[in-house]
Amino acid sequence: FEEDKVVLKAALQQLRKDMLEEAPKTQQLVDELAEARVEIQRLEDEIESTSAAQKQTVGSLEIMISEKQDQILQAESNVTMIGEYVDKLEERLADFALARRDIDRREQACAEMEKKTQLIESECATLRESIASNEKEQKELKSLLEEMVADRTNL
């Protein structure tokens, strides 16, 4: 039994010695664990902060995208409206071109009528002169005829 006591004492001393040797290592591990927990907490806080900043950035980007989409829709609407105006203007230009062609034809017809009118007026003037000449000649012939009749009655 004495032997067991000696062995147990030796084992106990060895255990105390081992515990004394392990105490600084254990303390170092406890300190490292505390530092690691602090670092983990700091990283979690940083992740949370970064996540919040990212969510805020995503939110503002979604708002910007929505605004840009609205602007695109408005621009497309404006382009459509401008296209309709262009179509109307093209129709008006085509109508104007047709009207202009019609006006040109009418002006040509008027010019030809004016030429014909001038020719007719010229012919009228010639005929009036001829009529006046014929009337004068007729008067002369009438007076000559009256003289002849008067000469005959005198005979």
Side-chain angles (χ1 to χ4, degrees), residues 15 17-155:
L15 184 62
K17 182 180 172 186
D18 288 345
M19 283 178 69
L20 285 176
E21 287 177 6
E22 292 293 323
K25 290 180 182 177
T26 305
Q27 186 60 43
Q28 184 180 0
L29 288 174
V30 168
D31 291 344
E32 287 175 3
L33 178 62
E35 288 175 10
R37 285 185 178 155
V38 168
E39 181 65 16
I40 288 170
Q41 185 61 44
R42 185 190 67 76
L43 291 173
E44 285 176 349
D45 291 346
E46 186 177 326
I47 288 170
E48 187 176 321
S49 171
T50 303
S51 177
Q54 182 188 19
K55 284 179 183 177
Q56 185 178 9
T57 303
V58 167
S60 64
L61 289 175
E62 286 174 347
I63 290 170
M64 287 174 55
I65 288 171
S66 175
E67 290 172 353
K68 294 298 179 185
Q69 285 175 337
D70 290 345
Q71 289 175 354
I72 289 170
L73 289 174
Q74 183 64 36
E76 287 174 349
S77 174
N78 289 344
V79 166
T80 302
M81 194 180 337
I82 289 170
E84 290 172 2
Y85 287 140
V86 166
D87 290 344
K88 286 179 184 178
L89 286 175
E90 286 175 348
E91 287 176 18
R92 287 181 184 171
L93 285 173
D95 291 345
F96 177 75
L98 290 174
R100 185 68 193 157
R101 224 178 291 139
D102 189 44
I103 289 171
D104 289 344
R105 285 185 195 142
R106 288 181 184 182
E107 285 179 350
Q108 272 184 330
C110 285
E112 289 175 11
M113 285 182 191
E114 285 176 357
K115 285 180 184 177
K116 286 181 183 178
T117 302
Q118 287 175 354
L119 288 174
I120 290 172
E121 285 177 352
S122 172
E123 285 179 20
C124 277
T126 305
L127 289 174
R128 282 186 188 130
E129 288 175 8
S130 176
I131 289 173
S133 170
N134 284 343
E135 286 177 351
K136 184 179 177 185
E137 193 178 308
Q138 188 179 13
K139 281 182 186 178
E140 288 174 2
L141 285 175
K142 190 177 180 183
S143 72
L144 186 60
L145 186 61
E146 285 175 359
E147 277 181 31
M148 284 174 85
V149 169
D151 282 344
R152 245 189 183 186
T153 41
N154 287 339
L155 280 179

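Worth knowing before you read on, the calculation uses all heavy atoms, side chains too, and leaves out hydrogens, waters and symmetry mates. The first residue in the sequence is number 1, and the count goes up from there.
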Q | Asp104-Gln108 side chain donor-acceptor pair, cut-off 3.5 Å | A |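 No - no donor-acceptor pair under 3.5 Å links their side chains.
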For [X], does the [atom1] atom have more than 12 heavy-atom neighbours from other residues, nucleotides or ligands under 6.0 Å away?
| X | atom1 | answer |
| --- | --- | --- |
| Gln56 | CD | no |
| Met64 | CE | no |
| Gln54 | CD | no |

Q: For Gln27 and Asp31, run side-chain hydrogen bond (donor to acceptor under 3.5 Å, both in side chains): C-alpha distance rounded to whole Å, both residues' side-chain angles, the deciding distance at 0.1 Å, then the answer.
A: CA-CA 6 Å; Gln27 186 60 43; Asp31 291 344; 3.0 Å; yes
How long is the straight-line distance from [atom2] of [Y] back to [atom1] of [X], given to the nearest 0.5 Å?
| X | Y | atom1 | atom2 | value |
| --- | --- | --- | --- | --- |
| Ser51 | Lys55 | OG | NZ | 4.5 Å |
| Lys136 | Glu129 | NZ | CD | 12.5 Å |
| Leu73 | Asn78 | CG | CG | 11.0 Å |
| Asp45 | Thr50 | CG | OG1 | 10.5 Å |
| Thr153 | Asp151 | OG1 | CG | 7.5 Å |
| Leu89 | Phe96 | CG | CZ | 13.0 Å |

Q: Apply side-chain contact (heavy atoms from CB on, under 4.5 Å) to Gln71 and Lys68, showing your working.
A: CA-CA 5 Å; Gln71 289 175 354; Lys68 294 298 179 185; 3.5 Å; yes
(Q) Does this structure show an ion pair linking Arg42 with Glu39, if we count only N-O contacts that are shorter than 4.0 Å? (A)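 Salt bridge flag = yes for Glu39 with Arg42.
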Q | Pair Glu135 + Lys139, salt bridge at N-O below 4.0 Å | A |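 Salt bridge between Glu135 and Lys139, a charged N being under 4.0 Å from a carboxylate O: no.
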Under the side chain to side chain donor-acceptor pair (under 3.5 Å) test, which residues partner [X], sequence neighbours left out?
| X | answer |
| --- | --- |
| Gln28 | Glu32 |
| Asp87 | none |
| Glu90 | none |

Q: In sequence, state the C-alpha distance, the side-chain angles, and the governing distance for Arg100 and Ile103, and then conclude on side-chain contact (heavy atoms from CB on, under 4.5 Å).
A: CA-CA 5 Å; Arg100 185 68 193 157; Ile103 289 171; 4.0 Å; yes
Q: Give a yes or no answer on whether the side chain of Ser122 reaches the backbone of Gln118 with a donor-acceptor pair at less than 3.5 Å.
A: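 No, Ser122 side chain to Gln118 backbone: no donor-acceptor pair under 3.5 Å.
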Q. Within the distance-only criterion (no hydrogens, no angle test), does the side chain of Ser66 pair as donor or acceptor with the backbone N or O of Glu62 below 3.5 angstrom?
A.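 No, the answer is negative, given that no donor and acceptor are paired below the 3.5 Å cut-off.
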Q | Evaluation steps, side-chain contact (heavy atoms from CB on, under 4.5 Å), between Ile82 and Val86 | A | CA-CA 6 Å; Ile82 289 170; Val86 166; 4.2 Å; yes
(Q) Is there a side-chain contact (heavy atoms from CB on, under 4.5 Å) between Gln41 and Arg37? Walk through the geometry before answering. (A) CA-CA 6 Å; Gln41 185 61 44; Arg37 285 185 178 155; over 6 Å; no
